[in-house]
There are 2 protein chains.
Amino acid sequence: MRAPTIRDVAERAGVSKSLVSLVLRGSDQVRPEKRDAVLRAARELGYRPNAAARSLSEQRTRTVGVLLNDLRNPWFVDLLDGLNSLLHANGLRMLLADARLNRRTGQDPADPLLDLRVDGLVVVGTLPDPAALGQVAERIPVVLAGSREPAPPGVDVVAGDDERGALLVAEHLIGLGHRRIAHIAGYGAVGELRRRSFEATMRRHGLADEVLVEPSDMTEEGGYRTTVRLLSRPDRPTAVFAVNDIAAIGVLSAAEELGLRVPRDLSVVGYDNTSIARLRHVWLTTVDNSSHEVGRRAAQCLLERFEGAGGAGRVHLATPTLEIRGSTAPAP
Amino acid sequence: MRAPTIRDVAERAGVSKSLVSLVLRGSDQVRPEKRDAVLRAARELGYRPNAAARSLSEQRTRTVGVLLNDLRNPWFVDLLDGLNSLLHANGLRMLLADARLNRRTGQDPADPLLDLRVDGLVVVGTLPDPAALGQVAERIPVVLAGSREPAPPGVDVVAGDDERGALLVAEHLIGLGHRRIAHIAGYGAVGELRRRSFEATMRRHGLADEVLVEPSDMTEEGGYRTTVRLLSRPDRPTAVFAVNDIAAIGVLSAAEELGLRVPRDLSVVGYDNTSIARLRHVWLTTVDNSSHEVGRRAAQCLLERFEGAGGAGRVHLATPTLEIRGSTAPAP
DNA sequence: GACAGGTTCTGGAACGGTCCAAAGAGGGGC
DNA sequence: GCCCCTCTTTGGACCGTTCCAGAACCTGTC
């Protein structure tokens with residue numbers, strides 16, 4: 001009942017295990033008859049190479065670990081898609097781990113991946129523990145994807161250009177005639193960049209005095225509560241730019257509850273172009289991060305580092321685009 | 001620069017590698033001084049056990065593979081949570097693979113997991129290839145979680161009780177005074193069970209003639225189009241029960257577009273209690289699968305099989321509950 | 001028929017752990 | 001001082017691969 005090994009295949013094909021190894025790795029230094037015999041034996045036995053043995057011997061796993069920080073907020077799906085396409089084309093597999101699941105259990109969420117000796121690590125989203133990551137980066141290539149956190153030395157960062165995205169939003173709203181525009185801000189590097197670029201763009205259009213910025217926690221609830229507060233002001237804004245789609249959903253709920261129609265009375269813009277924004281029932285104008293491209297470039301970074309490219313960590317930015325849907329309209 | 005091995009630790013602590021192995025596995029047959037010396041050496045060198053070497057030698061990986069079929073529809077998040085809690089408590093790690101990502105690339109999505117020689121496999125959602133799964137099940141325990149597909153011999157199934165769930169929905173709506181109730185059906189075992197139980201419950205309440213069933217593809221778009229058709233009928237229903245939350249969102253959009261207010265003019269119920277149903281902007285009445293419980297029981301099944309429990313595959317059903325939110329109201 | 005040169009195949013040493021049989025150390029009783 | 005027994009510690013085989021050095025086998029040439 002034990003799984004067949006390379007020796008079992010060798011015996012059945014009447015050759016040495018070395019030859020089986022050669023055949024299975026596609027060597028052309030093998031006579032066709034022997035090759036056929038080996039392949040037939042392998043097929044008949046249902047042989048599968050043992051990845052543990054292989055990686056022990058090869059000193060590499062052909063596997064890249066991907067650390068996600070929260071499966072509940074699925075903005076990263078396109079990113080994984082892009083990542084996988086390039087990795088797969090280069091014979092690498094991808095292993096996922098959810099940081100949130102392991103966080104409660106106390107240990108570092110990357111531990112299982114590191115014990116498996118992944119050849120590289122992609123951290124998607126906010127990073128768990130910068131210090132620990134720096135140590136990891138000394139051993140294997142590490143790429144931070146989808147978030148602009150300050151990275152430890154030697155770590156590449158690939159993300160959307162948040163400043164450009166926020167600029168697109170601001171100019172879209174200004175172009176629609178909005179002047180009093182609120183921003184529901186977030187935290188972290190991402191929140192900071194979007195907010196600052198939004199403010200700068202408003203200033204450039206002479207609307208410095210119309211800017212309204214409120215902090216939030218990037219959740220639906222946060223977006224909701226902040227908006228209730230904003231819309232109760234006497235000088236209430238005619239448009240709201242939320243730091244991400246989830247918070248924007250909160251904005252929509254608040255507007256609805258206060259009797260304002262979107263987009264007639266209030267324009268709303270999100271960020272990330274998640275699947276939720278695409279729901280017809282939501283149909284949110286938002287910024288598309290070109291996550292697929294971010295994923296591809298993250299894979300590219302890893303591949304280059306595998307090839308031996310050293311050097312300090314670099315920052316790659318993908319150009320976002322504005323996805324105009326039904327939640328924005330000319331100012332009332 | 002190479003990662004330290006057990007030999008490096010042994011040398012630094014001035015003992016044999018066997019002793020290091022003993023200490024690291026927590027044996028109590030070791031003198032305290034030696035134990036301390038070993039632990040100190042390991043800490044100083046930043047030693048991490050090599051999972052490949054360990055599993056090669058132990059003939060097991062202490063790892064369970066989890067095959068997801070689509071990260072975009074995140075109904076499985078709670079399930080993973082439940083799964084992980086029990087597995088982790090038993091010293092097992094969890095490795096995720098997305099079937100959809102690998103499907104386009106041609107090969108069996110479980111391959112990477114099987115090459116790694118996972119000790120068990122959990123398939124979450126609709127299963128990819130029943131025949132292939134049967135073969136896998138001959139070697140390692142396999143559990144099908146969250147979906148009631150017909151399983152190959154020896155495979156356990158853990159899922160929500162779809163019949164009970166659909167019954168809860170039907171009785172809730174009937175209790176609110178609805179008579180003409182439509183069901184937007186899905187496909188697969190899940191779709192079948194929910195539909196049949198819905199029909200049976202309606203019949204039991206003498207509403208066999210009021211049942212309206214339309215097939216759909218379980219997407220938002222499908223829910224939308226089907227609802228437009230349903231609501232254009234002269235005898236339009238006063239309530240719609242959609243096969244899942246995503247399709248229910250489509251129902252909401254269609255109602256909105258046709259000028260019907262939910263829940264005043266139309267009650268809508270979904271299924272799965274996904275995070276989308278919980279959004280204030282959606283606030284959908286839906287069925288909670290108790291996915292966390294499903295995950296826990298799936299883990300339980302695996303653990304029992306690891307302990308040597310054989311036998312034919314069993315089916316475990318978790319009891320669902322109705323989550324009443326804002327999309328249902330008394331019939332107009 | 002010996003030899004060179006190429007092609008094809010094989011044995012054995014890694015890789016980094018676990019585990020077992022046996023060696024070594026220490027203590028107690030005679 | 002010797003023997004026995006228990007508690008610690010160790011060397012070495014093994015897990016399933018890869019890879020290298022060299023063996024075996026061809027083919028052609030002089």
Side-chain angles (χ1 to χ4, degrees), chain A residues 1-39 41-42 45-63 91 93 112 114-119 139, chain B residues 1-39 41-42 45-63 91 93 112 114-119 139:
Chain A
M1 253 324 280
R2 253 187 45 264
T5 74
I6 204 172
R7 275 166 230 268
D8 300 323
V9 176
E11 196 176 337
R12 177 172 257 254
V15 299
S16 73
K17 65 178 178 37
S18 303
L19 187 64
V20 175
S21 175
L22 278 177
V23 170
L24 295 178
R25 278 172 302 128
S27 162
D28 54 351
Q29 300 283 78
V30 178
R31 278 222 310 280
E33 313 94 85
K34 298 259 182 177
R35 173 194 314 283
D36 292 347
V38 168
L39 291 177
L45 290 174
Y47 169 79
R48 306 187 63 89
N50 180 319
R54 173 175 292 175
S55 56
L56 190 56
S57 173
E58 275 192 318
Q59 293 291 77
R60 63 195 193 124
T61 51
R62 295 169 186 277
T63 299
R93 43 166 72 91
L114 297 179
D115 287 350
L116 285 168
R117 295 289 195 272
V118 290
D119 294 337
R139 287 248 138 77
Chain B
M1 255 322 282
R2 253 187 44 264
T5 76
I6 202 173
R7 277 164 228 267
D8 300 323
V9 176
E11 196 176 338
R12 177 172 257 256
V15 299
S16 71
K17 65 175 177 41
S18 303
L19 187 64
V20 175
S21 175
L22 278 178
V23 170
L24 294 179
R25 277 172 302 129
S27 160
D28 55 351
Q29 299 283 81
V30 178
R31 276 223 310 280
E33 313 96 83
K34 299 259 181 178
R35 174 195 312 284
D36 292 347
V38 167
L39 292 177
L45 290 174
Y47 170 78
R48 308 188 61 91
N50 180 320
R54 174 175 292 174
S55 56
L56 190 56
S57 169
E58 275 192 318
Q59 295 289 73
R60 64 189 192 129
T61 51
R62 298 169 185 276
T63 299
R93 46 165 70 90
L114 297 179
D115 287 350
L116 285 168
R117 295 288 195 274
V118 290
D119 294 337
R139 288 247 138 77

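All values derive from a computational prediction rather than experimental measurement.
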Query raised in the report: Given Leu116(A) and Thr63(A), is the side chain to side chain contact (heavy atoms under 4.5 Å, CB included) satisfied, shown in steps?
Result: CA-CA 9 Å; Leu116(A) 285 168; Thr63(A) 299; over 6 Å; no
Query - Residues in side chain to side chain donor-acceptor pair (under 3.5 Å) contact with Arg12(B), at least two apart in sequence or another chain - result: Glu44(B)
Query raised in the report: Hey, mind stepping through Arg117(A) and Gln59(A) against side chain to side chain contact (heavy atoms under 4.5 Å, CB included) and telling me if it holds?
Result: CA-CA 9 Å; Arg117(A) 295 289 195 272; Gln59(A) 293 291 77; over 6 Å; no
Query - Per-nucleotide protein contact string for nucleotides 12-21 of chain C, where B marks a base within reach and S marks sugar-phosphate only (heavy atoms under 4.0 Å, - for neither) - result: BB-BBBBB--
Query raised in the report: Using a heavy-atom distance cut-off of less than 4.0 Å, which residues of residues 28-38 of chain A contact DNA chain D?
Result: none
Query raised in the report: Just how far is it from atom CG of Leu56(B) to atom OG1 of Thr61(B), taken to the nearest 0.5 Å?
Result: 11.5 Å
Report task. Please report the C-alpha distance between Tyr47(B) and Val20(B) in whole Å, then the side-chain angles of each, then the deciding distance to 0.1 Å, and finally whether the side chain to side chain contact (heavy atoms under 4.5 Å, CB included) criterion is met. Result -> CA-CA 11 Å; Tyr47(B) 170 78; Val20(B) 175; 5.8 Å; no
Query - Separation of Asp119(A) CG from Arg93(A) CZ (nearest 0.5 Å) - result: 10.5 Å
Query raised in the report: So which pairs with a foot in residues 46-63 of chain A pass salt bridge (Lys or Arg N to Asp or Glu O under 4.0 Å), sequence neighbours left out?
Result: Arg48(A)-Asp111(B), Arg48(A)-Asp115(B), Glu58(A)-Arg62(A)
Query raised in the report: Rounded to the nearest 0.5 Å, what separation is found between the CD atom of Glu11(A) and the OG atom of Ser16(A)?
Result: 12.5 Å
Query raised in the report: Between Pro4(B) and Gly46(B), which heavy-atom pair has the shortest distance, and what is it?
Result: CG-O, 4.0 Å
Look for any protein N or O under 3.5 Å of an N or O in nucleotides 22-24 of chain D and output each such pair with its distance, or none.
none

Query raised in the report: If you round to the nearest 0.5 Å, how far is NZ of Lys17(B) from CG of Leu22(B)?
Result: 10.5 Å
Query - Bend angle of the helix from dG1(C)-dC30(D) to dC30(C)-dG1(D), end axes from five pairs each (to 10°) - result: 70°
Query raised in the report: Hey, what do you get for OG1 (Thr5(A)) to CG (Asp8(A)), rounding to the nearest 0.5 Å?
Result: 4.0 Å
Report summary line: Rounded to the nearest 0.5 Å, the CG atom of Asn50(A) sits from the OG atom of Ser57(A) at a distance of 11.5 Å
